2 protein chains.
Amino acid sequence: MTDQFNTWQAIQGEVLRRIHARDWPPGHPLPNEVDLAAEFGCARATVNRALRALAEDGILERRRKAGTRVALHPVSRATLDIPIIRQEIEAQGKTHDYTLLSRVTGDHPICGKALHITALHRADGAPFALEDRWISLATVPQATSQPFATHSANEWLLAHVPYTHGDITFSAQPAKASEAEHLKTTPGAPLFITDRTTWDHDRPVTVVRLFYAPGYSIRTTIGERP
Amino acid sequence: MTDQFNTWQAIQGEVLRRIHARDWPPGHPLPNEVDLAAEFGCARATVNRALRALAEDGILERRRKAGTRVALHPVSRATLDIPIIRQEIEAQGKTHDYTLLSRVTGDHPICGKALHITALHRADGAPFALEDRWISLATVPQATSQPFATHSANEWLLAHVPYTHGDITFSAQPAKASEAEHLKTTPGAPLFITDRTTWDHDRPVTVVRLFYAPGYSIRTTIGERP
DNA sequence: GATGTCATTATGTATATACATATTAATTCC
DNA sequence: GGAATTAATATGTATATACATAATGACATC
């Protein structure tokens, strides 16, 4: 018991220091929790808390009995916060403006009978993102009574319709003529696209594709200590 | 104490159930940990573990004294695993092929004097991603003795050079003539781009831009229970 | 030698207790 | 009434202990 590390953050910091200093290079096994607790002069639960958090970040790999080791290929594990568009725009100090472009019913391969909504989000008047959304009427019948004329369907859905899970895909696609027109760019221009599908258990809630105006990017960090 | 939930996962599941069932709608405050523990017939630490994990997922918002409430705008918090390209290709059951295109020294605004490497990654022979990388020679002098002819610089760096943090940006950009040629597409084609910068404390390690061949996308899930 | 059993081991988790800390609410003081 | 102080409260964390569980490795068995 050389030093006294008595918070799990301090222990995490010391472990990270040893990893960064190459005392424990990639693939290197760590002492077990009991020994580390003895060395750091703290309880095993505190060591466990520190190492578990590092494992969740992808820095360590842990297996029962096998022990803990420094990740060999520290698959960069980044946490993406995907805000609603209004918040994203307002966070830039700009004013958000929402325009409903169309609102019809139709059929969608995943959603079935669905409300089809297209809308444009602007930031300080400039086109920001084009929204193409389907809302399943089997899952969300209340959507029919919502105009979605002044507020984004996303915010209404988040506040009123539960979902259990979903998936998001990011890609780059060329702008079609109509998309280019709304986003004030040229057909074929590279657009950053997000496709999101959300479910409530096994029932589809909404499928949405967002076309972001040229220049858009999303950013995240890895290994940042708060 | 009606039911007996004695694992933190069971408690997390029950809390999620109540959120999804709209018993606790967005913005709704939860009972405090002591009361929940009494209701669930478990220790407060167990409730804490369950709620803390949900807060990390962005589902709950917690503040001392103020208590716990269901997140009003459940900012979709997705975890992105960014594998090394070879693993990404091999995970698709394809063979990875790496070709060094150029290797010179030059100056880079962030890295200073740096090794500049361009390389092409192929999957089953088809262009997959074009890599444009700068490695700071002040931080990584050993890089000069590495040919990077048959293996990606990324894997060598991960195994031999420590880093503490970094940032990643995703965007869509039109292919320049040379990029289009390597990726066997046409100039102006929309390319999915990732820009990554990594640091070891305050020293830049490497700056890399990856141009992915058309059709590439990254996918993640939200709210998935493992 | 291959296979199955069992003890060992390191992590995973639950519990009771105690104290720390942030934040709000109430109260006192000027 | 407004500012400063204080009390109350919910979460945050540390500790010792106990048992659960997965995975390994050794041993015994066929």
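All values below were derived from every heavy atom in this structure, side-chain atoms included, with hydrogens, water molecules and symmetry-related copies excluded. A, B, ... follow the sequence lines: proteins, then strands. Residue 1 opens every chain. Predicted model only: the values in this text are computed from it and were never measured.
- Ion pairing of A/Arg86 with A/Glu90 is present here, as a side-chain N (NZ or NE/NH1/NH2) and a carboxylate O approach within less than 4.0 Å.
- Counting heavy atoms from C-beta outward, B/Arg133 and B/Val207 have side chains that stay 4.5 Å or more apart.
- Under a 3.5 Å cut-off, the side chain of B/Thr206 and the backbone N or O of B/Trp134 do form a donor-acceptor pair.
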Do any N or O atoms of the protein come closer than 3.5 Å to N or O atoms of nucleotides 5-7 of chain D, and which pairs are they?
none

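- If you measure from atom CG of A/Leu60 to atom P of C/dA10, you get 17 Å, rounded to the nearest angstrom.
- Residue B/Ile89 comes nearest to B/Ala123 through the heavy atom pair CG2-CB, 3.6 Å, listed as atom of the first residue, atom of the second, then distance.
- Aromatic ring centres of A/Tyr98 and A/His121: separated by under 6.0 Å.
- Aromatic ring pairs are classed by plane angle as parallel below 30°, tilted from 30° to 60° and perpendicular above 60°; the pair B/His20 and A/His201 is perpendicular.
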Fill in: Stepwise salt bridge (charged side-chain N to carboxylate O under 4.0 Å, His left out) test for A/Lys94 and A/Asp124
CA-CA 6 Å; A/Lys94 299 181 176 174; A/Asp124 276 355; 5.5 Å; no
Report all side-chain donor-acceptor pairs from residues 45-52 of chain B shorter than 3.5 Å, counting only partners two or more places apart or in another chain.
{"residue": "B/Asn48", "atom": "OD1", "partner": "B/Arg52", "partner atom": "NE", "Å": "3.4"}
{"residue": "B/Asn48", "atom": "ND2", "partner": "B/Glu33", "partner atom": "OE2", "Å": "2.9"}

Worksheet item: Using a cut-off of 4.0 Å between protein heavy atoms and nucleotide atoms, how would you tag nucleotides 9-14 of chain D 5' to 3' with B, S and -?
Response: BBBBBS
